[in-house]
Amino acid sequence: MSTMSRKAPGKTVQQVESVAIRFTGDSGDGMQLTGTKFTESTAIAGNELSTLPDYPAEIRAPVGTLAGVSGFQIHFSSRSVRTPADHPDVLVAFNPAALRANIDDVRPSGMVIVNSDAFTSQSLKRAGYAEDPRPSLRDRYTMVEIPLTRLNREALKDLDINMRDADRCKNFFALGLMYWLYHRPMESTERWLESRFKGNVLEANLRVLRAGYAFGETTELLPVSYIVPKAKIQPGTYRNITGNKALAWGIVAAGEQMNTDVFLGAYPITPASEVLHEVARYRHFGVKTFQAEDEIAAICAAIGASFAGELGVTTTSGPGFVLKQEALGLAVMTELPLVVIDIQRAGPSTGMPTKIEQADLMLALYGRNSDCPVPVIAAQSPGDCFYTVIEAFAWAVKYMTPVVVLSNGHLANSSEPWRIPDVETLPRPKVEYWKDAENFLPYRRDPATLARPWAIPGTPGLEHRIGGLAKLNGTGNVSYDPRNNEEMIRLRAEKVARIASEIPPIEIDGPESGELLILGWGGTYGAIAAAVETARQNGKPVSRIHLRHLNPFPKNLGSILRSFDKVLVPELNEGQLVRLLRAEFMVPAIGMNKVRGQPFLIEELLARIDELLGEEVSP
Amino acid sequence: MSTMSRKAPGKTVQQVESVAIRFTGDSGDGMQLTGTKFTESTAIAGNELSTLPDYPAEIRAPVGTLAGVSGFQIHFSSRSVRTPADHPDVLVAFNPAALRANIDDVRPSGMVIVNSDAFTSQSLKRAGYAEDPRPSLRDRYTMVEIPLTRLNREALKDLDINMRDADRCKNFFALGLMYWLYHRPMESTERWLESRFKGNVLEANLRVLRAGYAFGETTELLPVSYIVPKAKIQPGTYRNITGNKALAWGIVAAGEQMNTDVFLGAYPITPASEVLHEVARYRHFGVKTFQAEDEIAAICAAIGASFAGELGVTTTSGPGFVLKQEALGLAVMTELPLVVIDIQRAGPSTGMPTKIEQADLMLALYGRNSDCPVPVIAAQSPGDCFYTVIEAFAWAVKYMTPVVVLSNGHLANSSEPWRIPDVETLPRPKVEYWKDAENFLPYRRDPATLARPWAIPGTPGLEHRIGGLAKLNGTGNVSYDPRNNEEMIRLRAEKVARIASEIPPIEIDGPESGELLILGWGGTYGAIAAAVETARQNGKPVSRIHLRHLNPFPKNLGSILRSFDKVLVPELNEGQLVRLLRAEFMVPAIGMNKVRGQPFLIEELLARIDELLGEEVSP
Amino acid sequence: MTDHFSQLTAKDFTTDQDIRWCPGCGDYSILANVQRVMPDLGIPRENFVFVSGIGCSSRFPYYMNTYGMHTIHGRAPAFATGVKASRPDLSVWVVTGDGDGLSIGGNHMLHTIRRNIDIQILLFNNRVYGLTKGQYSPTSQIGMYTTSSPDGSIDYPIDPLAFALGAGATFVARAIDVDGAHLQQLLRRAHDHPGTAMIEILQNCPVYNDNEWAEVEDRKSRIDAALVLEDGEPLVYGSEDHRRGISLHDGIARVIELKRGQDPIEAGVAVHNERYQTPAYAFALASLRRPDFPLPIGVFRAVETATYDALLQGQVAGAIVKRGAGSLHDLLHSGDTWTVEEP
Amino acid sequence: MTDHFSQLTAKDFTTDQDIRWCPGCGDYSILANVQRVMPDLGIPRENFVFVSGIGCSSRFPYYMNTYGMHTIHGRAPAFATGVKASRPDLSVWVVTGDGDGLSIGGNHMLHTIRRNIDIQILLFNNRVYGLTKGQYSPTSQIGMYTTSSPDGSIDYPIDPLAFALGAGATFVARAIDVDGAHLQQLLRRAHDHPGTAMIEILQNCPVYNDNEWAEVEDRKSRIDAALVLEDGEPLVYGSEDHRRGISLHDGIARVIELKRGQDPIEAGVAVHNERYQTPAYAFALASLRRPDFPLPIGVFRAVETATYDALLQGQVAGAIVKRGAGSLHDLLHSGDTWTVEEP
Ligand SMILES: Cc1ncc(C[n+]2csc(CCOP(=O)(O)OP(=O)(O)O)c2C)c(N)n1
Ligand SMILES: Cc1ncc(C[n+]2csc(CCOP(=O)(O)OP(=O)(O)O)c2C)c(N)n1
Ligand code: SF4
Ligand code: SF4
Ligand SMILES: [Mg+2]
Ligand SMILES: [Mg+2]
């Protein structure tokens, strides 16, 4: 069956620029899978896209309740796409709970596709609806009510399969329908089904997928189908990638590119666990994973591996990152290379572990006793996680220092099409162990980087001891000499400061000076870029920069900040970077803060931009 | 024997305003005891004073080595005394190592009293002296070389006591001599000896103490003795107190004044352990101490006790404070009263555990995942530790929040004469448990303070669950509601902000506006106050304020800062408060930073003040 | 204290919160049985405190209508220590999982047990990390394939009871989630025990480690797979046709096949005794492993010795007797003081 | 590797750092004996790594002229795990104290032991916190008066070896600081053992807990106070005039008085066997307490099973065999990809 044999009789095809669809249902309904498959087809169809999965916090919340609703949003377009979109154009809701949890997000008069079979009085009650909401929704939305359960069973009636298994396919019926509605190719999904299932299960899924498609062609409920033309995309080979997968692959890649084995110590924690899972699959790259008894052991083991000459790395999220701080301080003091990856989640304390924030920046910078500086890099998109890790390892080894990488739950789970880099063009940071016993001192410093030598066990003549007590520069012997202590503290700080020379000058999106600069960092890149793009399209004089390097800052940051009347710093926290900028550059940067466990909406950013452009410049 | 039977024939008495003496010797020589006894006598003699003990880092370093040198400095005066003095006027050195370790600190042409019997070739070698240093020192200092060992043995020759025990008394010989030299009363030391020892040991100590005194009266080595007139001291009953003892007593006092049992969870760590030791002695106040398996268990147990209705408190130092951060975040989230005391030491990592810094301010403010604000108070003097703890408990209970108290190793171990407060006049913060089952909600908020009720187990009808997951305001049920989450984060921040109304407006020492303001915080109070006093005596236009309240800041802080052309912020760290001030108030405050494990010298501060007053005001 | 608690029922211990466990999770049965036992313990509801860490199991306090603390990962025993040491009048229960209690929280477990503080610890052992979606845990069998061990786990498992006995536990027991009557009996025993009472509850996680305990959860196979410990009774198990017993010499266990009607004691089968002073006997039982040996179920050890909370209270009371109730004025004026008079 | 190590002596393992222990500290003797054993192990000096936490004992690496890490309090086993798991070619030794290893560090100890990673752990047990000036530790006897327990400690002590066995330790032994010959023998045994080898070394702290082990440190009283374990030999101790043996039934130990010339085995005395699969026998020995029983000294248990590091290396090697050495290009292109051509 070719998806290109289109245009059923009596139907209209309409071309649109962008669409955002949200698939929602009970966590047992397979929404994540449905969304992922739709994403793949969309990517193959040549659109730009951005996605956002939204899992329930519980493993298996009671069926049909709000707590159990799972969602997956995809935004695709023939133009550039930066975010999964504030408001979906289309909501697919498998049950009343899914409808209730998501309907308020749908854009006015958007399309709402529901499984009408699921609107029983019992399930309405489970969802907390006093009465059937559909009648009242029909005025405000384009309601498409499909007896999905029945149609799906129908499609399978002559197959030897029990009803429960049959019902579990219905997400693929819906998927087929959506493929028809948006003219998506279906082959990749079919291939995937064939690689995953066999026998009746395979047959059932293939059948309902095609039945859904066919239903689209025939039903009168959907008189129009839509074409989203291909986007202008940079040539190359692409794949979808989530931030967590990109982190994991970045870890594997660092080992390959630096020709040194990787040792990952980790303790499971949402939303960082998948990085451990993913890396654990690559033992054949010589990568070792160690599931430790806790976060402390995980980082300590990674430091041990670094001392022994491997690329030590540890992955975690907020509360686990807190626990790692004492050992991170030791890594600073012993000047060993190490990468610490914190996939931020909504807090404080346990908070909302499956929700989104970017509020561990201060923790990364200041979470240790005394003055204990570490470089910090924040990834700005799922695919960027890959490069960020390699960059972090390069710094760690060149400057003999731990480096912190910040991601967040949003980047971790959302996926974007990612242009696969040519391995040959990836950086190959050098790893050089010290060998020369004659001229060895544990704290002998490279004059350019201030790094001490990496002298690993097994090298004759370099036997030495490191540790957390204050050490004499040079020999590394324990020393309480007051001036030496101050010198060492300042050397470590200076070493981190010198990393600024590795950082390319930051580029301004928009005019180089003017009324308003928007400055974002890390995972809010998409939303801010989209908002500023829109604002400028609307004729607003707004420029934008985005920071991936939080410590040290890019060298030209101060002069950029001073070139604008106002600087707005949107952050998914209560104002962390903005304080750093104010303290460092004495510019009255303004915070825009949101701590709802959700990303910025483009409309929120636009509103704030409008507000600021309307205001007088404050003195 | 009365110490007042003075003026030996042929001797001169001279009156001086201030003297600083440093007693130094091997750690086995009893220098701390000698210093403490001299301090007591000095206090009784009616002088203002300040002291600084300086222990070696090792328990028992090899005898006679630099590592084993122990010291005790006392500065006393007929005027106000703020610090132990930059440079001692008199150095008492029991062996060559003590001489070598300390001689450079003595003020030019100061007096150096050495035990000449200790200058054997072996002990010179142990001290690392290639040759006897005394000849060359005689030009630069007033060398007083006394055969202390022999004189001491002499004094005991007819007593049935072995030589080793005899030699161990020689610090009291020296003490007796110093009592003579400075006209100190000896009774309190005699009484103390009588209460501590008996038999031959008592007799030996009394004898050598008196023999030292008598030696002073007769020897030609010391032609002059000194009188330091009484200071004008506020009437009242006084005692010496170290910061750690004051913290411990503050903890006990809080329990008494608030009529609630105290529960202290702690894990030993230098320099905080003594607080645990001291509090453990007061079970008869109903105070419980719990030596936990680690710092994490210590704070968790204290939080458990708070939940159960007691005054939970935990004491620690830098690395231990790092480990407590995750649980501290839970205390913030569950809004339970708790006091966390961090006695800062020199870091980072293990650093120089016995040395001085004040570099955990950022850690206190930002050491947790996500936005997780806690109030922070820093004690400014040993005696102030007492009041600081009571203040912290009062805030904790009134606002239902953990409160951090910062002390440091300097305050912890140094002592000052402390006017004992009248218990009747001490604050009596109210503790009120919620009782009313009808109107109970776990997160029902007091409209003034925003505190939730303290509802303790055993109260019928108030059964409720708290925890680290995001909670609905009011009911406290687990909630992932986005707006509620933001509201709760802001409520907790606002609660901390409202504590500002408990803080008296900060008072300026000096003119209310002008060219230069010096702003200190915590344990540097003495040095900064002394320096500013001196600067103003020298006609320099300098004002000074000192912060005890670091979060929230006193309400009038911003306006004060803006009243000066320059603000200098001396800190024993790499610039922590100064960054907070710059970010918060956008004033270009200037840091003055020292991380040598030592306190500020008055001369260092004076030099910087001179420099700044010479400079142009920067734009 | 009122005595209205005499009329309490399991329902009084139920909260209005939606339960967030997966359908079929063993935690449901444990919750129901705990709620059933509570009213019988003769304690007012407001005097119960349930303390947990993080994990599926650690959600427990939200469903118990008592005082409760859902704390941070691994630290529940430390919080519970603070609650009980400050308020010995409260009945304090810790609920934890194999990950929470034995992975990140192993140290607090160890020290709480050795201090013998008078709390109950319910360790839900499903041999997997449930909440974080199925990684192997410290009790998982070696070779287990999970998301974090795609090539099979290479960590040897800990036995929770052997661990507890190594820490000097005064009360250790093992129960099965679905055997409600037996579980209730052990809950009562744990409550009555003065000191730390640790119950390992074998719990099924149908989502990530289904049927891990099927052999002993299933009533049929249980007869051969489990050894039900009864104080004073010989260590005998198996069906009437195939009775076997356990002998223990030099700490070495052997299975003794019993003939029909044969007296087990005469055949050399050991007699269960919960009160041996040495933990070595109970440790030998805890070392029995499937499939060579049956899995013992019931109370392994129950010996009485002073509890931490009682000793602490004793020191407070003793100090007051010895030194008198503290006076702040006297404290402040103790030691050397001096007075500066009005000039 | 060069084989210059064959000529190494104890002196080659000495650093130029001043030793910071108190005069008379048991640590000196342990250091000297470790330095004496090192040259005999057939390993080049550069392949040794000593890892410690914080405490007096943890200063050890500074005095060993090998690679060394003086880390943070309680975490040494975790660092050592990273060193050994990444570099199985290294000989990794952990030095820790009763506070470092069993108080704050108990959990890492537990998990390191259960994983059976091939390292040696030397636990210096002086039953006190030395470095922080004399607080009671988790091995201190109940009732001990210290700065932090002015009314006497109310914590029951942990026995380090019972704890290790509860964690499933494959090698546990006990030595005495001043009995150099025996200590050296155990150090060699620990080194030879594949897997985690834990030696508790009874260590005197003359400053804060003097004479804690005097009974067994003193050569005279040791005869009656210590039971020297020898594989295959009966558990017999005491002087010729007063020989006694230990029997073990149901995990319960009894002292059997032996007549002159009596055959201990016939008298029911157990025969020492380091290689029982069950840890229960060794646990029974570890449960013997003074003064009722002698203190066993020597190797309690030594059983071989695959080590964590070997299993991990095996998985890496196996994965390469099965899947071929990883190719980054292939990884990046795995799964669904699509190509956008030049327009
Ligand atoms: C400091 C910290 N680290 C990690 C986590 C993530 N985490 C939550 S529960 C859990 C394991 C739970 O396993 P278990 O105790 O066996 O409970 P179960 O879910 O199986 O009942 C982990 C690793 C966390 N919440 N906090
Ligand atoms: C995180 C942290 N907590 C506490 C300390 C303080 N501390 C250092 S050593 C020690 C105990 C050492 O006892 P032990 O391990 O028995 O060693 P010993 O000195 O007796 O050899 C403590 C509590 C620390 N350094 N770091
Ligand atoms: S994941 Fe397992 S343990 Fe957790 S609730 Fe579900 S079934 Fe129970
Ligand atoms: S305090 Fe004790 S253990 Fe530490 S060095 Fe001194 S004698 Fe040894
Ligand atoms: Mg579990
Ligand atoms: Mg010790």
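All values below come from the heavy atoms of this structure, side chains included, with hydrogens, waters and symmetry mates left out. Throughout, a chain's letter reflects where its sequence line sits, starting with A, and its residues are numbered from 1. Because the structure is predicted, anything quoted here is derived from the model rather than measured.
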Quiz item: Between A:Ser349, A:Ala364, A:Gly467, A:Pro319, which has the largest tally of heavy atom pairs under 4.5 Å with chain B?
Solution: A:Ser349

Quiz prompt | Interface residue of largest heavy-atom contact number with chain B, from A:Leu580, A:Leu581, A:Thr334, A:Val587, under 4.5 Å | solution = A:Val587

Quiz item: Side chain, backbone, both or neither: which part of A:Gln325 has a non-hydrogen atom closer than 4.5 Å to chain B?
Solution: both

Quiz item: Under the 3.5 angstrom rule, does the side chain of A:Asp360 hit a backbone N or O of B:Ser370 as a donor-acceptor pair?
Solution: yes

Quiz item: Taking every heavy-atom pair that is under 4.5 Å apart, which of A:Met586, A:Glu326, A:Arg579 has the most such pairs with chain B?
Solution: A:Met586

Self-check item: Heavy-atom closest contact (A:Pro373 atom, A:Val496 atom, distance)
Solution: O-CG2, 3.8 Å

Quiz prompt | Check: B:Thr270 main-chain N/O paired with B:Arg345 side-chain donor or acceptor under 3.5 Å | solution = yes

Quiz item: Top residue by heavy-atom pair count (under 4.5 Å) with chain A, among B:Gly329, B:Ala589, B:Ala470?
Solution: B:Ala470

Quiz item: Which answer fits A:Asn484, side chain, backbone, both or neither, if we ask what part of it has an atom under 4.5 Å from a heavy atom of chain B?
Solution: neither

Practice problem: Determine, step by step, whether B:Arg596 and A:Glu486 satisfy the salt bridge (Lys or Arg N to Asp or Glu O under 4.0 Å) criterion, reporting the C-alpha distance in whole Å, the side-chain angles of both residues, the deciding distance to 0.1 Å, and the verdict. | Solution: CA-CA 5 Å; B:Arg596 298 185 180 181; A:Glu486 189 165 274; 3.2 Å; yes

Quiz item: Is it the backbone or the side chain of B:Glu574 that comes under 4.5 Å from a heavy atom of chain A, or both, or neither?
Solution: both

Quiz item: Highest number of heavy-atom pairs under 4.5 Å with chain A: which of B:Gly597, B:Gly347, B:Gly351, B:Cys372?
Solution: B:Gly351

Quiz item: Which region of A:Lys471, side chain (C-beta onward) or backbone (N, CA, C, O), has a non-hydrogen atom less than 4.5 Å from a non-hydrogen atom of chain B, or is it both or neither?
Solution: neither

Self-check item: Contacting moiety of A:Met333, where chain B heavy atoms sit under 4.5 Å
Solution: side chain

Quiz item: Where on A:Leu469 is there a heavy atom nearer than 4.5 Å to chain B: the side chain, the backbone, both, or neither?
Solution: both

Quiz prompt | Distance (rounded to the nearest 0.5 Å) between A:Ile269 CD1 and A:Thr316 OG1 | solution = 4.5 Å

Quiz item: Ignoring hydrogens and geometry, is there a side-chain-to-backbone donor-acceptor pair from B:Ser317 to B:Ile343 under 3.5 Å?
Solution: yes

Quiz item: Tell me, side chain or backbone of A:Val578 under 4.5 Å from chain B's heavy atoms, or both, or neither?
Solution: neither

Quiz item: chain B heavy atoms under 4.5 Å from A:Glu357: which part of the residue, side chain, backbone, both or neither?
Solution: side chain

Quiz prompt | Portion of A:Ser479 that has a non-hydrogen atom of chain B nearer than 4.5 angstrom | solution = backbone

Quiz item: Of B:Leu328, B:Asn551, B:Ile341, which is the lone residue that meets side-chain contact (heavy atoms from CB on, under 4.5 Å) with B:Val404?
Solution: B:Leu328

Self-check item: Region of A:Leu365 that comes under 4.5 Å of a non-hydrogen atom in chain B
Solution: neither

Quiz item: Non-hydrogen atoms of chain B under 4.5 Å away: do they reach the side chain of A:Gln576, the backbone, both or neither?
Solution: side chain

Quiz item: Hey, which of B:Arg490, B:Gln344, B:Lys355, B:Glu584 has the most heavy atom pairs under 4.5 Å with chain A?
Solution: B:Arg490

